[in-house]
Amino acid sequence: MSNEATPPLSRLVRELAPSGIRKFFDVAASMQDVISLGVGEPDFVTPWAIREAAINSLKAGQTNYTSTYGDLRLRTAIAKHLHAMYGVGYDPKEEVLVTIGVSEGMDVAMRVLLDPGDEVIVPEPCYVSYKPCVALAGGVPVGVETFAADQFRISVEQIEAAWTPRTKAILLGFPSNPTGATMPREALQEIVDFAVHKNLYLISDEIYDRLTYDGEHTCVASLPGAWERTITLNGFSKAYAMTGWRIGYACAPEPILSAMNKIHNYSILCAPITGQMAALEALKVGESSVVDMVGQYNQRRRLIVEGLNRLGLDCHMPKGAFYAFPSIARTGLTAEEFAEKLLFEERVAVVPGTAFGRGGEKHIRCSYATSLEKIEIALQRMERFIQRLPISAQAA
């Protein structure tokens, strides 16, 4: 092995913090008898009809490239689905792009929209990749803290206060990972109106749209004034229990979408055809499975939130996604201390709220994408853990 020094890696990459989620996942994976409330992944297996469609596509010898935009049958089905659900219209030939999950769609969207130094307003706490995606595209993420007292919703007044002449876009992710927050239609319309007034883009991550328990999901692009400036990101991972298939999609007006396809073409070429065939079948026959899974998530939601509140960990009732985001302030521990001690002492894995940016301190994220039985056991272990904390640390 040579001892000669090599040139440094990119400064941007060197300064990029590792994911705060992976640290606890990696430790938990090496331990026995751990109940994980950390993984943002359905515990359901992809419904059989969807898997069978993928198997049959392989048996039929479908192992080729598709269009870089994705198989037209799938794009057509996606466009029909969005129109049926939300009344928003996209041309499947020019305004729908099949991506490697929402993650690729988010990355490509940022690279298409941003020049170096452009700012993107990002409500926090937020999914761990949002701000890094902005930074990796040369942009500057501007975090805006949201609060449990407001159900972790963002207001147009907060966005207006964060706006500068360098602001290029607003990134919205509702229902939210990690808070489970949703946004009322009226509040979203106010944000759209502000974006129109300031001539801003909107990037809307709606991967949890079907996991909305109270009220109805609002597709941002369906709001008056939004369509021509919005990139809608969605996929099959959460609603259809298809995380490992890595099939997402981006929808936007043709000038934006064709620019996204340029980058997608050079970096990905196309999403794997087997996953695309599975996604097509999901849109054809998967609705009953979605309804069943959402019903079970709703039961789990109520169990875990009621249990956390009973333990003294104040937790608002999330209206979407499959995460609870309780406060651990009364314990006197930091989010990292709480998560680490809980993992090693009681074998329960949660994610420190600090992994999700501003507003995450003194919170933990608990995924209820696991069975009722495991949630009950996890709550019992958490109760033992909290009871062992010093009395002084349990003061409100």
Side-chain angles (χ1 to χ4, degrees), residues 65-114 120 133 137 168-174 188-189 191-192 195-196 199-210 217-237 239-240 245-273 275-284:
Y65 292 134
T66 68
S67 160
T68 57
Y69 282 91
D71 187 282
L72 183 56
R73 291 168 295 175
L74 175 57
R75 287 182 280 143
T76 299
I78 289 168
K80 288 181 178 179
H81 171 76
L82 290 175
H83 188 266
M85 291 292 299
Y86 308 118
V88 62
Y90 291 105
D91 180 346
K93 293 183 178 179
E94 297 183 322
E95 296 172 344
V96 179
L97 174 67
V98 181
T99 61
I100 307 297
V102 170
S103 297
E104 189 218 344
M106 181 68 68
D107 174 51
V108 173
M110 294 303 173
R111 288 199 274 167
V112 160
L113 298 183
L114 303 180
V120 178
C133 277
K168 190 72 168 290
I170 302 167
L171 199 173
L172 300 171
F174 296 98
L188 286 173
Q189 184 65 65
I191 293 171
V192 169
V196 171
N199 195 26
L200 305 176
Y201 286 108
L202 296 163
I203 305 104
S204 184
D205 177 0
E206 302 185 21
I207 187 64
Y208 292 100
D209 66 329
R210 302 303 308 278
H217 174 75
T218 298
C219 177
V220 172
S222 71
L223 295 170
W227 187 89
E228 54 271 13
R229 64 185 63 252
T230 300
I231 298 175
T232 301
L233 302 176
N234 209 324
F236 296 82
S237 293
Y240 299 95
W245 298 86
R246 308 309 304 135
I247 299 293
Y249 55 88
C251 299
E254 188 278 332
I256 300 173
L257 212 285
S258 62
M260 293 180 68
N261 188 49
K262 284 184 186 178
I263 298 175
H264 172 78
N265 188 10
Y266 287 125
S267 60
I268 299 297
L269 186 59
C270 67
I273 188 172
Q276 292 193 54
M277 294 302 98
L280 178 60
E281 189 69 11
L283 290 175
K284 288 180 178 179

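Hydrogens, waters and symmetry mates are skipped; everything else that's a heavy atom, side chains included, is used.
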Subject >> Short side-chain donor-acceptor distance under 3.5 Å, T68 and N265 >> reply: no

Original post:
Given V88 and W227, is the side chain to side chain contact (heavy atoms under 4.5 Å, CB included) satisfied, shown in steps?
Top reply: CA-CA 8 Å; V88 62; W227 187 89; 3.7 Å; yes

Original post:
If you measure from CG on L202 to CG on L188, what distance do you get to the nearest 0.5 Å?
Top reply: 9.5 Å

Original post:
Would you say K262 and V112 make side-chain contact, with heavy atoms under 4.5 Å?
Top reply: no

Subject >> Side-chain heavy atoms of L283 within contact of L74, under 4.5 Å >> reply: yes

Original post:
Looking at residues at least two apart in the chain, or sitting in another chain, which of them share a side chain to side chain donor-acceptor pair (under 3.5 Å) with E206?
Top reply: S204, H217

**OP:** Compare every heavy atom of A250 with every heavy atom of L233, then report the nearest pair and how far apart it is.
**Re:** CD2-CB, 3.6 Å

Original post:
Nearest heavy-atom pair of I100 and A271: which atoms, and what distance?
Top reply: CD1-CA, 3.6 Å

Original post:
Are side-chain heavy atoms of E254 and D91 found at a separation under 4.5 Å?
Top reply: no

Original post:
What are the two closest heavy atoms between G89 and E95, and how far apart are they?
Top reply: O-OE1, 4.4 Å

**OP:** Using modelled atom types only, decide if a donor and an acceptor are shared between the side chain of T218 and the backbone of V220 within a distance under 3.5 Å.
**Re:** no

**OP:** Provide the closest heavy-atom pair for A282 versus Y240 in the form atom of the first, atom of the second, distance.
**Re:** O-CE2, 3.5 Å

Original post:
Hey, does I203 have a side-chain heavy atom less than 4.5 Å from the side chain of L113?
Top reply: yes

**OP:** Would you check, one step at a time, whether the test side chain to side chain contact (heavy atoms under 4.5 Å, CB included) holds for L257 with E94?
**Re:** CA-CA 7 Å; L257 212 285; E94 297 183 322; over 6 Å; no

**OP:** Taking the side chain as every heavy atom from C-beta outward, state whether R246 and S103 have any pair of such atoms under 4.5 Å apart.
**Re:** yes

**OP:** Find out whether Y69 and S258 are in side-chain contact, i.e. whether some heavy atom of one side chain is under 4.5 Å from a heavy atom of the other.
**Re:** yes

**OP:** State the CZ-SG distance between R111 and C133, to the nearest 0.5 angstrom.
**Re:** 9.0 Å

Original post:
Taking all non-hydrogen atoms of both residues, which atom of G235 and which atom of I207 are closest, and how far apart?
Top reply: N-CD1, 3.4 Å

Original post:
Would you call N199 and R229 a side-chain contact if the rule is heavy atoms closer than 4.5 Å?
Top reply: yes

**OP:** Compare all side-chain heavy atoms of Q276 with those of R73 and state whether any distance is below 4.5 angstrom.
**Re:** no

**OP:** Indicate yes or no for a side-chain donor-acceptor contact from Q189 to the backbone of P224 under 3.5 Å, with no hydrogens or angles considered.
**Re:** yes

Original post:
What distance do L97 atom CG and I256 atom CD1 have between them, rounded to the nearest 0.5 Å?
Top reply: 12.5 Å

Subject >> Selection residues 74-88 - residue pairs positive for side chain to side chain donor-acceptor pair (under 3.5 Å), sequence neighbours left out >> reply: Y86-D209

**OP:** Please assess T99 against M260 for the test side chain to side chain contact (heavy atoms under 4.5 Å, CB included), listing each intermediate value before the final yes or no.
**Re:** CA-CA 10 Å; T99 61; M260 293 180 68; 5.7 Å; no

Original post:
How many angstroms lie between atom CG of D107 and atom CD1 of I263, to the nearest 0.5 angstrom?
Top reply: 7.5 Å

Original post:
Counting distance only, does the side-chain N/O of T230 pair as donor-acceptor with the main-chain N or O of T232 below 3.5 Å?
Top reply: no

Original post:
Which atom pair, heavy atoms only, marks the closest approach of V196 to G225?
Top reply: CG2-O, 3.5 Å

